[in-house]
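We count ligands from 1, going down the list as the structure has it; atoms in each ligand are counted the same way.
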Amino acid sequence: MSQPLVVLITGVPGTGKTTVSSILANSLGGDHVEITHLVRDGGMSLNWDQSRATSIADVKALRHALSNIIAASTKPVVVDGHYSPDVVPRDAATLVVVLRRAPWVLRAQLQQRGYSPRKIRENVEAELIGTCLVDALKSQDHAKICEIDTTGQAPEETVKLVLAALDGEAACGYGSVDWMDAPEAEALLRDL
Ligand SMILES: Nc1ncnc2c1ncn2[C@@H]1O[C@H](COP(=O)(O)OP(=O)(O)O)[C@@H](O)[C@H]1O
Ligand SMILES: [Mg+2]
């Protein structure tokens with residue numbers, strides 16, 4: 001049986017994974033698999049980290065569940081979650097999209113979401129240093145990684161770039177986002 005098209009969408013919370021995944025799955029006529037929902041609905045949480053207000057997923061069970069979903073699918077699958085690169089086997093992924101957003105913009109967004117100061121700091125720091133890209137590089141084929149700076153971009157534009165990368169129309173690649181060199185970074189770091 002041939003393997004379905006599988007697109008992983010990673011990025012820190014607030015970078016637009018769910019928005020982009022939903023539009024992309026629609027455009028591809030595929031399924032949108034949100035990892036947080038899969039973990040919650042499949043009872044795959046090991047425990048709740050009170051201090052970080054986040055649940056710890058059973059990664060082994062999650063890997064198994066995702067392999068089954070991909071193996072059974074005849075349609076494209078869009079896997080939405082910041083640990084998607086860790087839980088989808090590298091051979092199964094067609095494209096690994098890493099969404100980036102200027103940390104100073106992300107910070108305002110997470111404040112709006114009502115995140116705690118600690119959670120905001122953790123996520124803004126993760127975006128500043130590119131944690132999600134590093135994680136993707138650790139476990140996925142580098143040639144499949146597509147890093148997109150979504151700052152000031154409409155979700156539909158982001159989806160267009162992903163579709164172009166899938167069609168092989170436009171090279172995507174990674175390595176062009178570097179927030180640390182931006183003038184805003186210094187003030188942000190002082191403030192965090
Ligand atoms: N280019 C973009 N792509 C995706 N979302 C965007 C973009 N620009 C702004 N947004 C907004 O950012 C927010 C992202 O939220 P969400 O999709 O839930 O992110 P995540 O799933 O990564 O936490 C939404 O309010 C969305 O409308
Ligand atoms: Mg989301």
E147 bridged to R100 by N-O distance under 4.0 Å:
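A salt bridge links E147 with R100.
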
E186/R190 salt bridge by N-O under 4.0 Å criterion:
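Yes, R190 and E186 are salt-bridged.
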
From the options T15, T19, D149, select the one residue that forms a side-chain contact (heavy atoms from CB on, under 4.5 Å) with L99.
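Single side-chain contact (heavy atoms from CB on, under 4.5 Å) partner of L99 among T15, T19, D149: T15.
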
Show me which atoms of ligand 1 lie under 4.0 Å from any heavy atom of [X].
| X | value |
| --- | --- |
| G16 | 4 (C), 5 (N), 14 (C), 16 (P), 17 (O), 19 (O), 20 (P), 22 (O) |
| A154 | 1 (N) |
| T150 | 1 (N) |
| T158 | 1 (N), 2 (C), 3 (N) |

Below 2.8 Å, which protein N, O or S atoms neighbour the Mg ion (ligand 2), ignoring water?
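You should have found T18 OG1.
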
Shortest non-hydrogen separation from E127 to P103 and the atoms involved:
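Smallest interatomic distance, heavy atoms only, reads CG-CG, 4.1 Å.
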
Membership question, hydrophobic clusters at under 4.5 Å side-chain separation (ILVMFWY): are L8 and V177 in the same one?
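As far as the 4.5 Å side-chain criterion goes, L8 and V177 are not connected within one cluster.
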
Check if P13 has a non-hydrogen atom at a distance under 4.0 Å from any atom of ligand 1.
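Yes; P13 lies near enough to ligand 1 that a heavy-atom distance drops under 4.0 Å.
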
Taking only non-hydrogen atoms of R101, do any sit less than 4.0 angstrom from ligand 1?
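The answer is yes, since R101 has a heavy atom less than 4.0 Å from ligand 1.
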
Q109, K17, R113, E34: member with heavy atom nearest to atom 15 (O) of ligand 1:
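Going through Q109, K17, R113, E34 one by one, R113 has the nearest heavy atom to atom 15 (O) of ligand 1.
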
Min N/O separation V20 to ligand 1 under 3.5 Å:
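Checking ligand 1 against V20, no N or O pair falls under 3.5 Å apart.
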
Is there at least one pair of N or O atoms, one from D80 and one from ligand 1, spaced under 3.5 Å apart?
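Min N/O separation from ligand 1 is not below 3.5 Å for D80.
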
Test item: protein heavy atom less than 4.0 Å from atom 20 (P) of ligand 1
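Neighbour list for atom 20 (P) of ligand 1 includes protein heavy atoms (cut-off 4.0 Å).
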
Other residues, nucleotides, ligands: >12 heavy atoms within 6.0 Å of K160 NZ
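No, not enclosed.
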
Which bit of Q112 is near ligand 1, meaning a heavy atom under 4.0 Å away: side chain, backbone, both or neither?
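Q112 to ligand 1: no contact under 4.0 Å from either part.
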
Residue portion contacting ligand 1 (non-hydrogen atoms closer than 4.0 Å) for T18:
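The answer is both.
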
Residues 21-28 side chain polar contacts: donor-acceptor under 3.5 Å, at least two apart:
unit_1 : atom_1 : unit_2 : atom_2 : d
S21    : OG     : K17    : O      : 2.6
S27    : OG     : I23    : O      : 2.9

